[in-house]
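Report on one structure; see the data block that follows.
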Amino acid sequence: MSWKQDFPILFKEMNGKPLTFLDSAASAQKPRAVIACLTGAMENEYANIHRGLYNFSQSVTESFEGVRKQVRNFIGAAADKEIIFTRNATESINLVAASWGGTHLKQGDEIILSEMEHHANIVPWQLLRDRIGFHIKVIPVLDDGVLDMEAYKALLSTRTKLVSVVHVSNALGTVNNVKEINRIAKDFNPDIKVLVDGTQSVVHRAVHMGELDCDFFVFTGHKLYGPTGIGVLYGKYDVLESMPPYQGGGDMISSVSFDKTQYQLPPARFEAGTPPILEVLGLGAALSYLESVGMDRIEAHEANILAYAAKKLQSIDGLTPYGTAPDKAGVLSFRLEGGDESDVAHILDQMGIAVRTGHHCCMPLMNRLGIKGTVRASLAMYSEKEDIDRLVEGLQKARDMLG
C-alpha cells in the first residue's frame with residue numbers, strides 16, 4: 001500500500017531530480033488533510049478560544065478541546081484532563097523538569113537517564129541539577145545500540161526519584177522496552193516517577209498509556225505529520241495535581257488579586273496564554289488521517305521497508321551501520337568509509353535525496369560510539385522501496401567519488 005499520493009511535496013523535484021525524502025525523523029511531511037485543515041481554519045473560522053461568546057469562537061473552542069480527546073484516545077490515556085498542549089516535546093520535558101522536578105527533587109537525590117537520550121532529555125535536567133544539586137546517573141548503551149538493562153538495575157538506589165528515557169532512539173532506531181524499564185523502577189520503589197520520550201515511537205507504532213503505565217509521556221506534532229509548534233505532555237492526573245504552574249498568564253487562573261492568585265486544575269494550569277490554536281487543529285487533522293489509515297498498517301509497512309533497506313545497505317562496500325538492535329524502528333544510521341558524512345550528504349542532495357547528518361542532538365551517544373556523527377536515513381509511512389533503491393544508488397556513487 002502506498003500513501004505517498006497524500007503528500008503533495010513528495011512529487012516535487014530537488015536539484016532537477018525526483019525528491020527522495022529520507023529525513024522524516026527530523027520532521028515529517030504533511031498530508032493534504034492537514035494542509036486543508038490549516039487553510040480552512042484561517043480562511044473560515046479563526047478565533048481565540050475559551051472566552052468568546054460569539055458563535056464561531058465557541059465552535060473553535062469545541063474543535064480545540066475535541067483534539068484533546070483525540071490525543072487521549074490516540075495514546076490510550078485515562079482522561080482528557082491528562083493531556084497538556086505544549087509547543088513541542090522539548091517544552092514538555094522542560095515543563096516536567098521545572099514544575100515536577102523543581103518541586104520534588106532536592107539536593108542528594110538521583111535521577112536516571114540513558115546514554116542515547118536526545119539533548120532535550122538531558123539539558124533541562126542538567127540546568128535543574130546545577131540549581132538544586134541532585135545527581136544524574138546514566139544507563140550505558142551496548143555495542144549493538146541496546147540499553148544495558150543489568151547496568152540499569154544496578155543504578156537504582158534509595159535516592160532514585162526519576163527515570164527518564166527515550167522510547168525509540170532518533171539516532172539509532174532502537175526501540176527500548178520502556179514497559180520493562182518502568183516495571184523495574186516501580187518494583188524497586190513505587191514512588192519513582194518514569195518519563196518516556198515518545199517523540200519517535202508514536203510515529204511508527206501504536207502506544208497505550210495503560211500498558212506502559214509511565215507517569216509522563218511526551219511527543220511532538222511535527223514528526224507526527226502535523227504542524228510545528230505543537231507538542232503533548234501526558235501525565236497521570238494525581239501527579240499533575242501535585243505540580244505547580246510552569247508559566248503564569250491568562251487562562252491558567254481561576255482568580256487573580258495582588259494579594260493572591262488561585263490556579264486552575266490541570267490541564268489548564270499548564271496552558272498559560274493564548275494556546276497554539278491552529279497547530280492543535282492541525283494535529284487533530286493529522287491524528288484523524290493516521291486513524292483512517294491505521295497505525296498497525298503503518299508499522300507493518302515501515303517494518304517491510306526497513307528490512308529491505310537493511311539488506312540493501314549490506315551490499316555497499318565500506319558502509320558501517322550503527323544501531324543493530326533486534327527491535328528497531330525506521331532509522332538507518334551509518335558512515336561510509338573514505339568520506340565525511342557531510343560530503344556524502346552533499347552528493348546525495350545533488351541526486352535529489354534528502355538525509356540528515358551530524359550527531360542528531362545525541363552527542364553523548366556519538367562519544368560512546370567513538371564517532372562525531374552519522375548519515376541518517378529515516379523512514380515514514382510514505383517511504384517506498386524505490387526510495388531505498390535511489391539511496392543505495394546515491395551511496396554507491398558517493399563511495400566511488402570519495403573512495
Side-chain angles (χ1 to χ4, degrees), residues 25 89 93 96-97 110-126 129 134-157 159-189 192-205 207-209 211-219 299 303 306 310 320-334 359-371 373-374 376 378:
I93 295 173
V96 175
E110 297 172 353
I111 71 169
I112 297 176
L113 309 178
S114 88
E115 204 167 23
M116 66 173 66
E117 296 309 310
H118 189 282
H119 296 164
N121 199 26
I122 299 174
V123 179
W125 300 110
Q126 290 177 329
R129 175 201 62 190
F134 59 83
H135 303 287
I136 297 175
K137 292 184 172 182
V138 181
I139 309 169
V141 174
L142 301 174
D143 290 342
D144 60 357
V146 174
L147 291 181
D148 186 337
M149 294 297 283
E150 292 304 312
Y152 163 55
K153 294 174 186 176
L155 292 176
L156 292 163
S157 79
R159 293 185 174 185
T160 304
K161 296 297 189 292
L162 172 80
V163 177
S164 187
V165 293
V166 68
H167 196 175
V168 173
S169 167
N170 72 301
L172 302 177
T174 301
V175 180
N176 291 318
N177 189 344
V178 292
K179 182 177 180 180
E180 180 67 4
I181 289 171
N182 182 78
R183 185 197 64 78
I184 290 169
K186 301 293 188 181
D187 283 352
F188 186 88
N189 179 356
I192 294 174
K193 299 297 181 281
V194 175
L195 183 152
V196 174
D197 178 358
T199 300
Q200 297 293 336
S201 61
V202 294
V203 181
H204 300 296
R205 55 183 61 192
V207 300
H208 196 285
M209 296 303 100
E211 295 176 2
L212 297 183
D213 198 32
C214 54
D215 299 283
F216 302 106
F217 187 91
V218 308
F219 64 93
E299 182 179 357
L306 180 63
T320 301
Y322 292 89
T324 56
D327 192 3
K328 270 179 62 85
V331 174
L332 297 151
S333 277
F334 52 86
H359 51 68
H360 316 298
C361 291
C362 294
M363 293 181 76
L365 176 62
M366 296 300 142
N367 290 335
R368 158 64 181 88
L369 298 173
I371 56 178
T374 67
R376 184 186 71 186
S378 51

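Counting all heavy atoms, side chain and backbone alike, Asn182 lies closest to Leu212 at ND2-O, 3.5 Å. Closest non-hydrogen pair, Cys214 versus Val196, comes out as CB-CG2, 3.9 Å. Shown here for Gly330 and Leu306, the closest heavy-atom pair between the two residues is CA-CD1, 4.2 Å. What you find for Val168 and Ala329 is that their closest heavy atoms are CG1-CB, 3.8 Å. Residues Tyr152 and Ala185 approach most closely at OH-CB, 3.4 Å, considering heavy atoms. For the pair Pro140 and Glu115, the tightest heavy-atom approach, listed with the atom from each and the gap, is CA-OE1, 3.3 Å.
The pair Lys186-Asp215 meets the salt-bridge criterion, with a side-chain N (NZ, NE, NH1 or NH2) lying under 4.0 Å from an Asp/Glu carboxylate O.
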Test salt bridge (charged side-chain N to carboxylate O under 4.0 Å, His left out) applied to Asp148 and Lys153, step by step: CA-CA 9 Å; Asp148 186 337; Lys153 294 174 186 176; over 6 Å; no
Going through the checks in order, is the side-chain contact (heavy atoms from CB on, under 4.5 Å) test met by Val166 and Asn121? CA-CA 8 Å; Val166 68; Asn121 199 26; 5.7 Å; no
Verify side-chain contact (heavy atoms from CB on, under 4.5 Å) between Val165 and Asp197, making sure each step is shown before the conclusion. CA-CA 6 Å; Val165 293; Asp197 178 358; over 6 Å; no
Begin from the C-alpha positions of Met363 and Ile122 and carry the test side-chain contact (heavy atoms from CB on, under 4.5 Å) through to its verdict. CA-CA 11 Å; Met363 293 181 76; Ile122 299 174; over 6 Å; no
Can Thr160 and Asn189 be said to form a side-chain contact (heavy atoms from CB on, under 4.5 Å), step by step? CA-CA 9 Å; Thr160 304; Asn189 179 356; over 6 Å; no
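Between Lys137 and Arg159, every side-chain heavy-atom pair lies at or beyond the 4.5 Å cut-off. Inter-residue side-chain proximity for Thr199 and His118 is flagged as unmet; no heavy-atom pair is nearer than 4.5 Å. A heavy-atom distance below 4.5 Å is not found between the side chains of Leu155 and Glu110. Taking 4.5 Å as the limit, some side-chain heavy atom of Met149 sits within range of a side-chain heavy atom of Ile181. Side-chain contact between Phe216 and Ile93 is absent, with no heavy-atom pair separated by less than 4.5 Å. Between Met366 and Thr374, the closest side-chain pair of non-hydrogen atoms falls below 4.5 Å. When side chains are defined from C-beta on, Val163 counts as touching Ile192, because their heavy atoms get closer than 4.5 Å. Inter-residue side-chain proximity for Ser378 and Asn170 is flagged as unmet; no heavy-atom pair is nearer than 4.5 Å.
Enclosure of atom NZ in Lys161 by more than 12 non-hydrogen atoms of other residues, nucleotides or ligands within 6.0 angstrom is indicated.
Atom CD1 in Ile111 sits 4.5 Å away from atom CZ in Phe134 (nearest 0.5 Å). How far CG of Asp144 is from OH of Tyr322: 14.0 Å, rounded to the nearest 0.5 Å. Atom CG of Leu113 and atom CD1 of Ile136 lie 5.5 Å apart (nearest 0.5 Å). In this structure, the separation between CG on Leu365 and OG on Ser333 is 8.5 Å, given to the nearest 0.5 Å. With rounding to the nearest 0.5 angstrom, the CG atom of Asn176 is 12.0 Å from the CD atom of Gln200. The structure places OG of Ser114 at 5.5 Å from CD1 of Ile139, a figure rounded to the nearest 0.5 Å.
Aromatic rings from His204 and His167 are positioned such that their centres are separated by 6.0 Å or more.
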